[in-house]
**Q** 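Structure in structure tokens, see below.
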Amino acid sequence: MVVFDLLNSVLPSIFISFTATLLLCFLWSSHAETSVLPDHPLTDGNTIISPGGVYELGFFTPGRSANRYVGIWYHHFTSIVVWVANRESPIPDSSGSLSIAPDGNLVLLDSRQLILWSSNVSLSSNNSTAALLDTGNFVLNNSGDTAWQSFDHPTDTYLPGMKVGLDFRNNVNHLFTSWRSADDPSPGNFTMGMNPDLSTQIFLWKDGEPRWRSGRWNGQLFIGVEGMIPEYMYGFRLSNFQVEQQMYFYYNSFNSTLYYVLSADGLEKQLVWQSETQTWQEIWAEPATECEVYNRCGSNASCRDGADRSPVCSCLKGFVPTSTGCQRRTALSCEKNDSGEDSSGETDGFFLMQGVKLPDLSDWDSDSTNQSKCEESCLMNCSCKAYSFVPGIGCLIWGRDLVDIHEFSNGGNDFYLRLAASEFMDKKVKIPVFLILAIGIPILFALGCIWFLWKFRRKIIGKGCFTPEPSVDHRNSSVGTETGLSGMLVMEGGNNGRRGSKMFSFDAVAAATENFSESNFLGAGGFGPVYKGELPGGQEIAVKRLSQTSGQGIEQFKNEVTLITKLQHRNLVRLLGFCTHREDKMLIYEYMRNKSLDAFLFDKTKRRLLDWKTRYNIIEGIARGLLYLHRDSRLRVIHRDLKASNILLDGSMNPKISDFGMARILGCDGNESTTKRVVGTYGYMSPEYAMQGLLSVKSDIYSFGILILEIISGERNSTYWHPHLYLNLIAYAWKLWKEGNVMEFVDPLIRDSCEVSGVSKCLNLGLSCVQDRACDRPNVASVIVMLEGGTMAQSTPKQPTFAFEQSTSDESTHQGFVSGKSLVITTLSGR
Ligand SMILES: *[C@@H]1O[C@H](CO)[C@@H](O)[C@H](O)[C@H]1NC(C)=O
Ligand SMILES: *[C@@H]1O[C@H](CO)[C@@H](O)[C@H](O)[C@H]1NC(C)=O
Ligand SMILES: *[C@@H]1O[C@H](CO)[C@@H](O)[C@H](O)[C@H]1NC(C)=O
Ligand SMILES: *[C@@H]1O[C@H](CO)[C@@H](O)[C@H](O)[C@H]1NC(C)=O
Ligand SMILES: *[C@@H]1O[C@H](CO)[C@@H](O)[C@H](O)[C@H]1NC(C)=O
Ligand SMILES: *[C@@H]1O[C@H](CO)[C@@H](O)[C@H](O)[C@H]1NC(C)=O
Ligand SMILES: *[C@@H]1O[C@H](CO)[C@@H](O)[C@H](O)[C@H]1NC(C)=O
Ligand SMILES: *[C@@H]1O[C@H](CO)[C@@H](O)[C@H](O)[C@H]1NC(C)=O
Ligand SMILES: *[C@@H]1O[C@H](CO)[C@@H](O)[C@H](O)[C@H]1NC(C)=O
Ligand SMILES: *[C@@H]1O[C@H](CO)[C@@H](O)[C@H](O)[C@H]1NC(C)=O
């Protein structure tokens with residue numbers, strides 16, 4: 001209800017703000033200065049322009065207002081005001097002047113020389129100047145020090161480089177505050193800033209009540225923003241607040257002009273300058289849908305966006321609607337009294353909700369470093385209502401009410417809701433026998449008919465169920481000829497007489513896998529289950545069956561088939577064929593006896609089987625596969641999703657790169673290209689790709705570097721935390737490499753089998769490959785040279801700061817959860 005009222009009151013003001021922004025005008029022609037000096041006040045009609053001509057400071061009149069304000073705007077887009085000094089004390093006429101007071105403070109005086117606004121800081125001397133920088137920051141320089149700056153007193157606009165957030169030293173939370181309306185810069189109803197409870201979430205409040213939240217920061221993005229592509233985040237980072245005693249997010253604009261603004265109608269918007277069209281384009285605004293509005297459906301309920309964007313609320317599983325909201329139907333076993341014998345002491349279970357915006361009010365459990373530990377720790381704690389294990393964050397548990405749950409239509413996290421054991425049992429409903437007979441017999445009869453018809457139909461369509469060419473003989477070859485794929489795929493026929501890429505009939509695949517039986521199930525790949533099979537000739541195959549529900553699967557399927565049929569290399573997995581059968585799409589590969597690298601590398605016992613020599617061979621093999629992809633193949637291909645689970649191992653532990661569903665073919669000239677959709681796996685994505693969508697062969701090199709570090713250490717980059725040093729894998733590798741202590745980085749289980757020089761070479765290579773800047777990373781040809789010869793003077797890697805900063809801030813994030821309980825933060829809004 002409240003929300004609807006809110007929207008009703010907001011809608012007219014959207015219109016007003018729109019028109020008013022257009023009307024915003026400047027009545028006086030400007031005369032540019034460079035700074036405000038004690039003997040040289042800035043009077044109405046004059047402006048200060050930043051040295052590079054980006055921003056301008058002066059007096060302005062917003063919209064239909066009659067008042068004058070001092071503010072900063074884009075020099076070239078005068079209608080976009082990014083900061084206002086005297087929000088609450090407008091000047092009624094054009095008599096105002098901005099000057100340096102005798103005590104050295106900045107002051108805004110009216111015609112009677114009364115102070116309307118002041119920077120109001122205590123200063124040691126009166127030797128002050130004020131200047132506008134190209135970042136948009138207006139700085140008061142007192143005897144050489146920054147005594148005051150506008151970036152510390154933001155209004156409604158969040159510019160690159162601003163550090164606005166929690167200040168632990170002074171116990172204040174600096175916030176952005178919206179304008180009251182487009183005509184009135186005085187503080188409005190909406191504020192935005194860091195969540196004071198140190199959860200690394202950004203909150204938007206209306207009159208102090210939560211209106212929207214971003215979800216926690218996972219080191220790359222906010223997990224509660226649906227479809228948030230790191231590309232659009234332009235390098236958001238969390239401060240290292242342990243050291244700085246301040247918690248804030250800051251961002252770089254990388255080479256584009258953008259800003260965030262909290263509009264008067266309560267939307268946080270991101271605007272980006274489009275140089276082609278010479279306009280500001282709004283590319284992001286929150287809350288975008290009703291379900292994004294904080295706790296729209298109340299506690300213990302979830303919100304789903306309906307067809308017409310209306311919110312659909314439903315109680316969580318195991319909860320039922322009551323007059324007081326959704327309540328648990330069956331008490332958890334630990335909540336029941338011990339005496340209660342009837343519950344038969346069954347332990348609670350967890351119900352998985354996929355793709356959700358995780359509820360607010362979670363606690364971080366630092367001791368649980370993997371999913372199973374997290375689940376166990378939740379079961380042991382009676383007040384734990386749910387848990388989630390989030391890559392980049394770790395184990396989150398919920399002990400308070402479950403509020404603000406949104407079911408995303410894509411993305412989101414896995415959420416494990418704790419329910420009484422009885423909630424998982426099938427409801428036993430007693431049905432009279434005659435009913436069973438009355439309903440059952442006709443159903444059986446109908447099923448019989450359907451089965452009969454279906455059988456009959458297969459007889460008719462038979463061999464041709466997947467292809468117009470009736471040329472396939474199932475009996476002896478089981479492998480069809482290569483044909484067009486039901487018009488879906490156009491493939492070049494008979495290239496180089498290569499074998500493989502045949503079309504298989506569905507029956508042959510089903511027979512080979514014993515009808516996709518449980519016993520042949522190998523695991524779940526990116527887009528569906530994978531089964532083992534055996535062809536009549538005895539050849540073992542792996543069948544990836546793309547799940548029907550995954551719409552993306554089709555694209556990936558086409559991509560993978562077209563690509564991999566043209567690529568043949570001993571370090572790439574070989575596609576034997578494919579099969580389409582109605583909605584079913586399957587890819588048939590050679591079977592890899594040892595499955596994937598991650599099954600060995602990250603397994604407590606199996607990793608021992610990968611001794612140093614084997615690991616070195618694997619690194620070399622991957623490099624050769626990459627060399628082929630990047631340089632030697634007929635197409636130049638970027639894999640885009642290189643990771644341990646995509647490296648398969650054959651019977652002799654030779655690595656083969658697999659999963660080309662996301663791969664991209666490069667133009668012939670081509671290095672860099674920009675992509676709108678960033679896909680890949682966190683932990684393996686290069687910074688420029690994750691943040692800007694910049695794609696090049698060097699993105700694969702970055703992933704390869706991560707793989708090298710993982711292979712040496714046997715640790716997963718995405719979840720590794722050094723227990724005492726609080727470093728992530730890259731930072732830890734860098735530290736040890738710097739100290740010349742490389743053996744320390746090697747998996748302890750295989751340390752005996754390796755020599756220092758080889759490890760040193762690989763670690764050096766790994767660190768070179770994970771450099772922040774793509775141009776600092778070697779290309780794959782030099783990688784091979786480094787691996788083989790070592791004659792080449794080894795390049796000395798620079799400190800990978802991206803990963804480093806990320807790690808320190810993540811670390812401090814976690815520390816904050818632990819130590820932040822006693823903090824008292826008051827709220828201070830921007831002036
Ligand atoms: C600064 O203070 C000194 C005395 O402490 C005074 O003589 C001088 O005029 C002041 N300068 C300005 C610009 O106010
Ligand atoms: C300056 O700050 C003090 C408190 O720090 C306050 O009492 C005073 O009113 C402020 N002056 C102006 C002009 O804002
Ligand atoms: C004022 O400060 C500047 C910068 O520190 C210094 O160069 C200048 O000499 C100072 N002037 C006075 C009068 O103290
Ligand atoms: C303050 O001004 C002095 C002299 O103009 C300059 O050298 C110094 O870098 C400035 N300091 C800051 C923090 O802007
Ligand atoms: C802001 O709040 C006031 C009073 O609480 C209300 O009258 C006004 O309509 C609100 N403005 C917006 C834009 O919601
Ligand atoms: C920004 O991009 C333009 C061309 O797009 C280039 O000329 C300029 O050097 C770049 N600036 C920076 C700081 O990278
Ligand atoms: C949510 O469910 C819990 C039971 O787990 C109950 O104690 C609580 O009152 C419910 N919250 C609301 C708002 O109904
Ligand atoms: C549990 O037992 C205590 C006394 O042992 C009793 O006061 C309480 O009402 C019981 N609670 C339930 C839910 O049965
Ligand atoms: C999870 O971590 C615990 C110790 O923290 C360990 O005993 C357990 O084996 C781990 N489980 C997996 C699957 O790695
Ligand atoms: C149980 O969970 C609650 C809520 O997350 C937490 O506050 C409490 O410390 C936990 N208790 C134990 C013993 O871990």
Side-chain angles (χ1 to χ4, degrees), residues 1-3 195-201 209-210 213 215-216 223 291 293-304 311-338 340 343 346-353 356-390 393-407 413-424 813-823:
M1 294 303 172
V2 176
V3 176
N195 185 4
D197 77 4
L198 307 184
S199 69
T200 69
Q201 302 189 85
E209 293 297 321
R213 71 189 172 96
R216 283 180 191 259
I223 60 171
C291 280
V293 173
Y294 191 85
N295 208 17
R296 176 65 179 78
C297 288
S299 303
N300 303 330
S302 72
C303 186
R304 193 159 40 81
V312 179
C313 294
S314 48
C315 288
L316 298 177
K317 185 179 164 69
F319 288 78
V320 286
T322 69
S323 54
T324 56
C326 296
Q327 296 287 349
R328 201 180 277 287
R329 179 161 45 199
T330 318
L332 298 175
S333 73
C334 70
E335 287 171 352
K336 293 178 182 161
N337 273 347
D338 293 343
S343 72
E346 282 178 286
T347 52
D348 301 328
F350 288 98
F351 174 72
L352 168 62
M353 290 176 73
V356 297
K357 175 174 186 170
L358 297 176
D360 197 13
L361 311 177
S362 55
D363 294 309
W364 186 65
D365 178 2
S366 58
D367 299 330
S368 305
T369 49
N370 60 36
Q371 166 120 16
S372 44
K373 195 81 207 313
C374 190
E375 176 169 330
E376 188 188 321
S377 126
C378 184
L379 265 186
M380 307 271 279
N381 184 340
C382 195
S383 51
C384 177
K385 296 187 165 83
Y387 81 92
S388 176
F389 193 82
V390 186
I393 297 175
C395 179
L396 298 175
I397 61 174
W398 281 264
R400 290 166 274 177
D401 252 12
L402 302 169
V403 300
D404 192 27
I405 304 174
H406 178 191
E407 291 173 52
N413 288 91
D414 285 355
F415 178 63
Y416 291 87
L417 179 66
R418 182 181 191 164
L419 294 176
S422 62
E423 292 290 344
F424 294 94
T813 305
H814 297 159
Q815 289 299 294
F817 295 138
V818 181
S819 66
K821 52 196 173 297
S822 61
L823 277 164

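Atoms within a ligand are numbered from 1 in the order they appear, just like the ligands themselves.
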**Q** Please tell me whether S383 and R400 have a donor and an acceptor in their side chains that are separated by less than 3.5 angstrom.
**A** no
**Q** At a heavy-atom distance under 4.0 Å, which protein residues reach ligand 10? Sort them by chain and number, would you?
**A**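 Residue list for ligand 10: D363, N381, S383, I397, G399.
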**Q** Could you tell me whether the side chains of S302 and E407 share a donor-acceptor contact shorter than 3.5 Å?
**A**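 A donor-acceptor contact under 3.5 Å links the two side chains.
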**Q** Examine the proximity of ligand 7 to L402 and report which part, side chain or backbone, both or neither, has a heavy atom under 4.0 Å away.
**A**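 L402 to ligand 7: no contact under 4.0 Å from either part.
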**Q** Pairs of nitrogen or oxygen atoms closer than 3.5 Å, one from D401 and one from ligand 7: do any exist?
**A**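 In this structure, D401 places an N or O atom under 3.5 Å from an N or O of ligand 7.
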**Q** Going by the order shown, which atoms of ligand 7 are within less than 4.0 Å of some heavy atom of R328?
**A**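 Counting atoms of ligand 7 from 1, those under 4.0 Å from R328 are 5 (O).
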**Q** Can you tell me if R216 and Q201 form a side-chain donor-acceptor pair at under 3.5 Å?
**A** no
**Q** Is the F350 to Y387 ring centre distance short of 6.0 Å?
**A** yes
**Q** Using a distance-only test with no angle check, is there a side-chain donor-acceptor pair under 3.5 angstrom linking E209 and Y294?
**A**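 Y294 and E209 do not have a side-chain donor-acceptor pair below 3.5 Å.
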**Q** Please check whether C326 reaches ligand 7 - meaning an N/O of the residue sits under 3.5 Å from an N/O of the ligand, judged on distance alone.
**A** yes
**Q** Within the side chain of W398, is there an N or O that forms a donor-acceptor pair under 3.5 Å with the backbone of D363?
**A**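 It does not hold such a pair.
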**Q** Check whether the side chains of S377 and D365 place a donor and an acceptor atom closer than 3.5 Å, and report yes or no.
**A**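 Yes, because at least one side-chain N or O of S377 sits under 3.5 Å from a partner of the opposite role on D365.
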**Q** Looking at K373 and D367, does any basic side-chain N land under 4.0 Å from a carboxylate oxygen?
**A**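 No.
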**Q** Which of the numbered atoms in ligand 7 are below 4.0 angstrom from a heavy atom of T324?
**A** 14 (O)
